[in-house]
Amino acid sequence: MTTRPTRAGALAALALLATSGALAQDASPTPSTLEEKVRALEEEQKELARRLEGLRKELEAGRQPTPAPSPTPTPTPAPAPAPSPGPVVAPGLTPLSFPLLGTSGSVTSGTSFNPSISVIPDFVYALDDRQGDGGEILASADGFHAPEGEADGHDHGGLEEGFNFRETELAFKASVDPYFDVTALFAASEDGLSAEEVYFQTRRLPAGLGVKAGKFFSGIGYLNSQHPHQWDFVDTALPYQLLLGGNLDEKGIQVTWLPKLPVYLQVGAELLQGENEAVAGYHGGEDAGPVPVDEGDEPGPDRVFSHKPGPRLFTGFVKLAPDVGYSDALQLGLSYARSTLHEELHDEDGDGVVEEALEGTVDLFGVDVVFKHDAPHEYGRGDWTLQAEYLYRRKLLDLLGTTGRLEARQDGAYLQAVWGVLPRVQLAARLDVAGITNRVTEEGATASYDPTRRLTAAVTFNPTEFSRFRVQWDRSDVPVGGASETVDRLLLMVQMSLGAHGAHKF
């Protein structure tokens with residue numbers, strides 16, 4: 001008990017001796033200076049005495065004594081705070097990882113419902129030189145006359161003259177758990193709310209496999225899977241409008257395979273319900289009534305459509321993206337779709353009497369190519385894209401109630417270019433045609449029709465990534481009843497994007 005105080009006293013004595021030595025080294029101190037130093041030493045001695053008394057009390061209490069500070073402490077900078085160890089993850093909330101399913105990214109749903117939400121309103125002002133009938137003239141193109149009852153689908157082209165509230169896209173996306181994501185996209189318009197895409201897909205499966213199920217835009221082609229806010233023009237291309245009724249969106253299941261290769265290669269197949277009016281229309285056992293006959297003759301036999309549960313539409317596609325450099329990207333695509341049961345009703349003169357009821361098969365072939373260049377400038381200046389697609393559709397249909405048969409072979413293509421002329425400003429041009437081959441053979445008689453052509457130019461200004469303004473002019477040459485109809489249109493579009501919206505696919 002006496003050892004440690006003795007050491008402390010020795011330290012104090014050494015401090016006094018050191019101070020005394022410093023005084024002795026002063027050659028000629030004045031009396032006033034000596035008095036000040038004496039008073040300073042006395043104060044330091046009192047402070048040391050108080051600290052020694054504290055040390056004795058700590059020793060008596062059995063605690064480890066704290067070292068006495070230097071008689072003249074020098075302030076030192078505070079040490080830098082230790083880095084934060086990061087968030088602590090509760091073991092009970094950590095998702096299990098199964099080697100069979102691979103690793104998974106972060107989960108935004110499961111213990112709490114927290115999807116990313118976006119709202120994209122779309123407004124269009126339209127003018128044409130046919131008193132607003134330009135859209136109807138296009139739908140009446142020779143060889144492509146829409147079957148009776150065909151819906152507009154998602155062609156987004158039915159615009160009235162003047163102001164149009166085309167739609168508002170409502171998108172909800174989230175991860176359900178470590179293994180599944182869910183996407184729900186709805187289109188709200190003046191006609192109501194419709195589900196464009198509602199599906200779930202796997203986050204990661206072995207060997208590069210992926211599964212999507214629900215209602216979704218098919219993976220065929222390039223434009224087919226895009227929504228209006230992804231288009232480079234106000235409307236979609238003519239081959240999609242006249243051969244697919246806008247696009248191919250169906251209920252079903254999609255399986256894709258992405259093998260580990262030096263280049264990007266995706267192979268996909270889809271089993272779809274088959275309800276698209278342009279390639280997979282279905283009336284499911286409906287009675288279309290007797291075959292029309294000449295006035296005074298006996299009614300013909302009833303025409304009853306076949307019944308077949310889904311899937312009735314099967315597709316396959318391949319997408320290849322070879323490496324073409326750091327600033328460029330190239331994607332090549334092949335697509336095929338087959339409808340095992342396609343049914344149509346034709347009311348040629350619009351009098352409410354069905355002249356023809358047909359059913360059979362439809363085959364659709366497609367080729368697409370896209371090349372993109374990313375210039376080293378800000379806000380898209382100098383970027384450019386070249387894009388082209390070709391679609392070919394073949395219908396083999398029986399005329400119900402008769403021995404007649406209809407075969408239609410039609411195709412379409414488009415070529416477009418987009419160039420970033422200024423920061424946030426794009427100039428786009430498109431040439432599209434439907435009916436390069438436009439031949440319909442019915443009961444041995446073949447009719448060939450002229451193609452429908454259109455030339456389009458558009459200027460787009462994106463103040464930010466959340467707003468878009470577009471001006472578009474197009475001229476269409478449409479064969480109707482053997483005569484060519486020319487339609488000029490001017491379209492002004494405004495789109496806004498609210499909320500989270502992820503990057504688009506290539």
Side-chain angles (χ1 to χ4, degrees), residues 1-99 102-118 173-179 181 203-204 376 378-379 463-466 497-503:
M1 182 172 176
T2 58
T3 304
R4 289 185 180 178
T6 303
R7 288 181 179 177
L11 290 173
L14 287 173
L16 290 174
L17 287 174
T19 306
S20 301
L23 289 174
Q25 293 175 1
D26 196 348
S28 57
T30 61
S32 59
T33 302
L34 290 174
E35 290 177 358
E36 290 176 359
K37 291 183 177 181
V38 169
R39 284 195 297 270
L41 290 173
E42 290 176 350
E43 291 296 328
E44 290 178 4
Q45 186 177 10
K46 292 178 181 178
E47 179 63 24
L48 288 173
R50 287 194 295 271
R51 292 184 178 277
L52 287 173
E53 182 63 24
L55 289 172
R56 291 192 186 96
K57 292 181 179 180
E58 288 180 2
L59 290 173
E60 291 174 356
R63 295 194 301 270
Q64 181 69 25
T66 57
S70 172
T72 55
T74 303
T76 58
S84 173
V88 178
V89 179
L93 299 180
T94 303
L96 297 176
S97 178
F98 295 94
T103 59
S104 301
S106 61
V107 177
T108 59
S109 178
T111 57
S112 63
F113 181 70
N114 186 28
S116 61
I117 301 174
S118 65
K173 297 183 180 182
S175 298
V176 177
D177 53 31
Y179 316 113
D181 292 333
R203 307 198 77 196
R204 185 170 181 179
E378 60 182 5
Y379 305 119
T464 68
E465 60 268 34
F466 302 104
S497 179
L498 292 76
H501 199 77

Carboxylate-amine/guanidinium proximity below 4.0 Å for E47 and R51 =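 Judged by the 4.0 Å cut-off on N to carboxylate O distance, E47 and R51 do form a salt bridge.
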TODO: Salt-bridge test for E42 and R39: reply yes if a basic N is under 4.0 Å from a carboxylate O, no otherwise.
DONE: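 No, E42 and R39 are not salt-bridged.
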(request) Considering non-hydrogen atoms only, spot the tightest contact between P178 and R203 and give its length. (result)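 Closest pair (atom of P178, atom of R203, distance): O-CD, 3.3 Å.
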Take E53 and R56 through the test salt bridge (Lys or Arg N to Asp or Glu O under 4.0 Å) and record every step on the way to the result.
CA-CA 5 Å; E53 182 63 24; R56 291 192 186 96; 3.5 Å; yes
